[in-house]
Amino acid sequence: MIGGTEIFLDSRHVQLAGLALRHSVPTIYQGRNFALAGGLMSYGGSTMDSYRVAGLYAGRILKGEKPAELPVVQSSRFEFVINLKTAKALGLEVPTTLLARADEVIE
């Protein structure tokens, strides 16, 4: 889940990714929305998995469990996204071994 200063940065993902690309700065972000907006790469916890876990927590609370007694759960699924269009614009060649490890490649 996003909190603190992450909300500020995440809400400006299009501007930040565009600024990095305009100044030819290769970047890696924690959320896939940055790579979708033009960032070079992203690696972080799956947003969909976080929402699923939040739903499970909500269900447990609605069934009467006390929030303070629920365990803390960390992301167990991570996503690695590479934006090849951005790599090309930056003049970078992404190794095939790295592309093979990506969960998603934007072309």
Side-chain angles (χ1 to χ4, degrees):
M1 293 294 181
I2 297 174
T5 58
E6 293 173 26
I7 292 172
F8 176 81
L9 297 174
D10 194 62
S11 68
R12 288 159 178 79
H13 64 277
V14 173
Q15 295 159 308
L16 292 170
L19 186 63
L21 183 58
R22 188 169 343 149
H23 291 282
S24 300
V25 177
T27 53
I28 185 165
Y29 300 97
Q30 74 176 23
R32 73 186 301 274
N33 57 338
F34 282 91
L36 294 173
L40 179 60
M41 297 179 196
S42 68
Y43 181 75
S46 166
T47 303
M48 293 305 290
D49 192 51
S50 295
Y51 290 146
R52 183 188 63 76
V53 170
L56 293 172
Y57 269 83
R60 291 174 71 176
I61 292 167
L62 290 171
K63 289 179 182 175
E65 290 189 54
K66 295 179 182 173
E69 295 176 2
L70 293 175
V72 174
V73 178
Q74 292 181 332
S75 286
S76 59
R77 185 173 187 288
F78 293 86
E79 296 176 324
F80 179 39
V81 181
I82 299 173
N83 189 324
L84 282 182
K85 192 178 348 179
T86 300
K88 184 178 179 182
L90 294 171
L92 300 173
E93 186 175 327
V94 180
T96 55
T97 53
L98 197 58
L99 290 172
R101 292 177 177 253
D103 295 301
E104 182 177 353
V105 177
I106 300 166
E107 296 193 48

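This is a predicted model, so every value here is computed, not measured.
- The side chain to side chain contact (heavy atoms under 4.5 Å, CB included) with Met41 is formed by just one residue from the set Leu98, Ile106, Asn83; it is Leu98.
- At a threshold of 4.5 Å between non-hydrogen side-chain atoms, the residues Glu79 and Asp49 do not count as touching.
- In this structure the side chain of Thr86 never reaches within 4.5 angstrom of the side chain of Thr27, judged on heavy atoms.
- Separation of atoms CD1 (Ile82) and CZ (Arg101) is listed at 10.5 Å; rounding is to 0.5 Å.
- Below 30°, between 30° and 60°, or above 60°: for Tyr43 and Phe78 the angle between ring planes is below 30°, a parallel geometry.
- When all heavy atoms of Ser42 and Arg32 are compared, the pair lying nearest together is OG-CA, 3.3 Å.
- Cluster annotation: Leu19 and Val14 are assigned to distinct hydrophobic clusters (Ile/Leu/Val/Met/Phe/Trp/Tyr, side-chain heavy-atom contacts under 4.5 Å, transitive).
- Taking hydrophobic clusters as Ile, Leu, Val, Met, Phe, Trp and Tyr residues chained together by side-chain heavy-atom distances below 4.5 Å, Leu36 does not share a cluster with Ile28.
- Neither Met48 nor Phe80 shares a network with the other; the hydrophobic side chains, linked directly or stepwise wherever heavy atoms of I, L, V, M, F, W or Y lie under 4.5 Å apart, form separate groups for each.
- Only one option out of Glu69, Lys66, Glu65 pairs with Arg60 in a side chain to side chain contact (heavy atoms under 4.5 Å, CB included); it is Glu65.
- Note on Leu92: it clusters hydrophobically with Leu84, by side-chain heavy-atom contacts below 4.5 Å among ILVMFWY residues.
- Leu90 is listed as a side-chain neighbour of Leu21, based on a closest heavy-atom distance under 4.5 Å.
- A pairwise comparison of heavy atoms in Ala17 and Gly39 identifies CB-N, 3.6 Å as the closest pair.
- Using the six-membered ring where Trp is involved, Tyr29 and Phe34 have ring planes that are parallel, under 30° apart on the 30 and 60° scheme.
- Leu16 is not connected to Leu40 by any chain of hydrophobic side-chain contacts under 4.5 Å among Ile, Leu, Val, Met, Phe, Trp and Tyr, and they are in different clusters.
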